[in-house]
Amino acid sequence: MTTELPHTTAKRVPFWQRKAILILLAILAALAVFGTTTQTWIHVAIAQGEVAQTDLDIPGNKAAVAVSALAMVALAGAVATSIAGKVARIVTSCIVFLSAAGIVAVVLGIVLDPAAAAMTEVGTATGIEGQPSDATATIFPVLAIVAAVVLGLATLLVLWFGRNWKVRSKYDAAKQESASESDGPIDEIDHWDQLSRGEDPTA
């Protein structure tokens, strides 16, 4: 005797369309951008003058303060998106996407012209504005761009596939719990619980 498995018509959602996967990807991408800002973005070889100066390593949080701020905004927006309703999700996703675009724009400017980005820090270190320097960008700004692109793509997927996500509230959970309770036999404790809620257990 063989037992047939119950047939189900429910469609399995691909992993790259799932809410948890996309939100987690956005959060990790925002954290990755922020993480790169703690590393050296620009290495500066300062021209030797009358006073010897050592080479200067500038981290991302000093070379581009805006990137750190935008990464934190994106992180907060991604977390908010995970619990937001349909309309709020669109708003928070747009904020995250704009943050990702801003990160790419700022970092590209540093990669294309690291000397200009390092000018302030070089002046602070040497005490001379416009001190000649040979500045080169490290790999970390490039990694920040890659992470920001992933963040932007994840946000676009959230906007697109999020239209079909179901939003569950505490009221839905309460209704489901109430329904499950009504299906089973009611004992004396259930009677007291219903009375405390103002319900008539004999109805």
Side-chain angles (χ1 to χ4, degrees), residues 8-42 58-114 116-117 120-121 137-180:
T8 177
T9 59
K11 287 184 67 177
R12 187 174 185 139
V13 179
F15 77 96
W16 45 272
Q17 296 183 16
R18 296 177 187 173
K19 178 179 180 180
I21 296 297
L22 294 178
I23 296 298
L24 180 61
L25 181 60
I27 291 175
L28 291 178
L31 287 173
V33 173
F34 186 80
T36 63
T37 63
T38 64
Q39 305 301 313
T40 298
W41 276 27
I42 303 174
I58 304 175
N61 52 22
K62 289 186 177 180
V65 179
V67 172
S68 299
L70 289 172
M72 293 306 296
V73 170
L75 177 61
V79 173
T81 301
S82 64
I83 58 175
K86 188 173 183 179
V87 176
R89 186 189 304 130
I90 295 174
V91 175
T92 55
S93 296
C94 288
I95 292 174
V96 175
F97 181 79
L98 290 175
S99 298
I103 291 170
V104 172
V106 173
V107 180
L108 272 178
I110 293 175
V111 172
L112 295 176
D113 193 0
T120 300
E121 290 298 319
T138 66
I139 189 63
F140 290 103
V142 178
L143 294 178
I145 292 177
V146 173
V149 170
V150 172
L151 175 63
L153 290 176
T155 306
L156 290 178
L157 291 176
V158 168
L159 284 170
W160 181 257
F161 295 115
R163 300 173 302 168
N164 301 321
W165 293 344
K166 293 181 180 179
V167 179
R168 294 193 60 184
S169 65
K170 61 181 181 180
Y171 302 105
D172 297 328
K175 289 180 181 179
Q176 185 176 0
E177 183 180 355
S178 177
S180 62

Say you draw a straight line from [atom1] of [X] to [atom2] of [Y]; how long is it, rounded to the nearest 0.5 Å?
| X | Y | atom1 | atom2 | result |
| --- | --- | --- | --- | --- |
| Thr138 | Ile58 | OG1 | CD1 | 10.5 Å |
| Ile23 | Leu28 | CD1 | CG | 11.5 Å |
| Asp113 | Ile42 | CG | CD1 | 9.0 Å |

Can you give the donor-acceptor pairs under 3.5 Å from side chains of residues 61-78 to other protein atoms, not counting sequence neighbours?
from: Ser68; atom 1: OG; to: Thr37; atom 2: OG1; distance (Å): 3.4

For a quick test of reading the model, state the closest non-hydrogen atom pair linking [X] to [Y] and the distance between them.
| X | Y | value |
| --- | --- | --- |
| Val33 | Thr36 | O-OG1, 2.6 Å |
| Ala147 | Ala29 | O-CB, 3.5 Å |
| Ala144 | Trp41 | CB-CZ2, 3.8 Å |
| Ala154 | Leu25 | CB-CD2, 3.9 Å |
| Ala148 | Ile103 | CB-CG2, 3.7 Å |

Handout entry: Partners passing side chain to side chain contact (heavy atoms under 4.5 Å, CB included) against Val142 (at least two apart in sequence or in another chain)
Key =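 Per chain and number, Val142 pairs via side chain to side chain contact (heavy atoms under 4.5 Å, CB included) with Ile139.
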Handout entry: Pro141: which of Val146, Thr40, Val107 passes side-chain contact (heavy atoms from CB on, under 4.5 Å)
Key =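 Among Val146, Thr40, Val107, the one meeting side-chain contact (heavy atoms from CB on, under 4.5 Å) with Pro141 is Val107.
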Problem - Residues which pass side-chain hydrogen bond (donor to acceptor under 3.5 Å, both in side chains) with Thr92, listed by chain and number, not counting sequence neighbours - result: Thr81
For residues 93-100, please give each side-chain donor-acceptor pair under 3.5 Å, one per line with the distance, not counting sequence neighbours.
from: Ser93; atom 1: OG; to: Arg89; atom 2: O; distance (Å): 2.7
from: Ser99; atom 1: OG; to: Ile95; atom 2: O; distance (Å): 2.9

